[in-house]
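Notes for the one structure printed next.
Position 1 is the first residue of the sequence; numbering continues from there. Given the structure is predicted, the values throughout are model-derived calculations rather than measurements.
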Amino acid sequence: TMSSALADIIDNSLTAEATEISIRVHSDPEDAAIGVIDNGKGMSRAELLEAMRPGSRSPTETRNADDLGRFGLGLKTASFSQCRRLTVVTRRDDALSVAIWDLDVVVARNAWVVETRELAEGIRFSDLLKGEGTLVLWEKLDRVGLEMGSQNLLRIMDETSKHLELVFHRFMKSEHGRKAVSFNMNGRKLLPVDPFAEWH
């Protein structure tokens, strides 16, 4: 679902120690797109290419206690469950890296070809990536019912925001010496929903 797919992408942002996560939605059926922008550690070019490789991690690999990933599949499976074009723009140490997987190109060439760039010009939402961090951009959204109009995507995103407020409620507030992570969708701040009413 859109909810679980976006949660997978946000897992990566949290693992990268992001303190701000912004979700941007462009709902025009002719040109729809969803972007997730974070201010985490970003990736080097080599790390980006590794992240774009299917099954990039061994489940037996030693991981940090805060690492929410396991197999290295989340970015790809989450993205392609919702779209046909995945773009990742990332910056670390002032070095920008871009990688694009377009399933239409993959089919046309009959090969898993990843396009790489050194500039983010013309990539939607890339201007929101100010310093270190990562943008995950979904285009050619073919699983969100856009044939029924933009209102259907907006309804799905409203349900998704509620899901994220529940799933990531502990990250949205300060606890145990950890600063709260700021979440927003199209500029609207997401607020934590605690299913256990621990704060009551």
Which value, rounded to the nearest 0.5 Å, describes the distance between [X] atom [atom1] and [Y] atom [atom2]?
X    : Y    : atom1 : atom2 : answer
M185 : I34  : CE    : CD1   : 8.0 Å
R124 : E139 : CZ    : CD    : 5.0 Å
M2   : L141 : CE    : CG    : 6.0 Å
F196 : H169 : CZ    : NE2   : 6.0 Å
L6   : S81  : CG    : OG    : 9.0 Å
N186 : R24  : CG    : CZ    : 6.0 Å

How close do [X] and [Y] get, heavy atom to heavy atom, and via which atoms?
X    : Y    : answer
A18  : V181 : O-CG2, 3.7 Å
T90  : G133 : OG1-O, 3.2 Å
A5   : W138 : CB-CH2, 3.8 Å
A51  : M43  : CB-SD, 3.9 Å
K189 : S182 : NZ-OG, 4.2 Å
H26  : D31  : CD2-O, 3.0 Å

Begin from the C-alpha positions of I10 and I23 and carry the test side-chain contact (heavy atoms from CB on, under 4.5 Å) through to its verdict.
-> CA-CA 10 Å; I10 290 170; I23 302 163; 4.1 Å; yes
How about S27 and M157: do any of their side-chain heavy atoms sit closer than 4.5 Å?
-> no
Could you tell me whether the side chain of S13 reaches within less than 4.5 Å of the side chain of T134, counting heavy atoms only?
-> no
Enclosure of E121 CD (heavy-atom neighbours >12, cutoff 6.0 Å) | no
Has R109 got more than 12 heavy atoms of other residues, nucleotides or ligands less than 6.0 Å from its CZ?
-> no
Is NZ or CZ of R143 both nearer than 6.0 Å to the six-membered ring centre of F80 and within 45° of the ring axis?
-> no
Is there a path from [X] to [Y] through hydrophobic residues (I, L, V, M, F, W, Y) whose side chains come within less than 4.5 Å of each other?
X    : Y    : answer
V106 : L86  : yes
L75  : V105 : no
M148 : L153 : no

Donor-acceptor contact below 3.5 Å, side chain K76 vs main chain R53 | yes
Just one of D142, D104, D102 clears the side chain to side chain donor-acceptor pair (under 3.5 Å) bar with R85, so which one?
-> D102
Test I21 against L14 for side-chain contact (heavy atoms from CB on, under 4.5 Å), laying out the working first.
-> CA-CA 9 Å; I21 299 172; L14 294 171; 3.9 Å; yes
Could you check T116 against S97 for side-chain contact (heavy atoms from CB on, under 4.5 Å), going step by step and ending with a plain yes or no?
-> CA-CA 8 Å; T116 59; S97 304; over 6 Å; no
For N152, check side-chain hydrogen bond (donor to acceptor under 3.5 Å, both in side chains) against everything at least two apart and list the hits.
-> R155
Listed by chain and number, what are the side-chain hydrogen bond (donor to acceptor under 3.5 Å, both in side chains) partners of D28, not counting sequence neighbours?
->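 D28 satisfies side-chain hydrogen bond (donor to acceptor under 3.5 Å, both in side chains) with no residue once adjacent residues are dropped.
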side-chain contact (heavy atoms from CB on, under 4.5 Å) between R178 and R170, worked out | CA-CA 10 Å; R178 187 184 64 225; R170 293 186 63 183; 4.3 Å; yes
Members besides I123 in its Ile/Leu/Val/Met/Phe/Trp/Tyr cluster (side-chain heavy atoms under 4.5 Å) = I37, V89, L96, V98, I100, F125, L128, L129, L135, L137
Pair E165-K162, salt bridge (charged side-chain N to carboxylate O under 4.0 Å, His left out): steps then yes or no = CA-CA 5 Å; E165 287 174 331; K162 293 174 183 174; over 6 Å; no
Test log, rule salt bridge (charged side-chain N to carboxylate O under 4.0 Å, His left out), inputs K173 and D194 | CA-CA 10 Å; K173 67 184 184 73; D194 179 7; over 6 Å; no
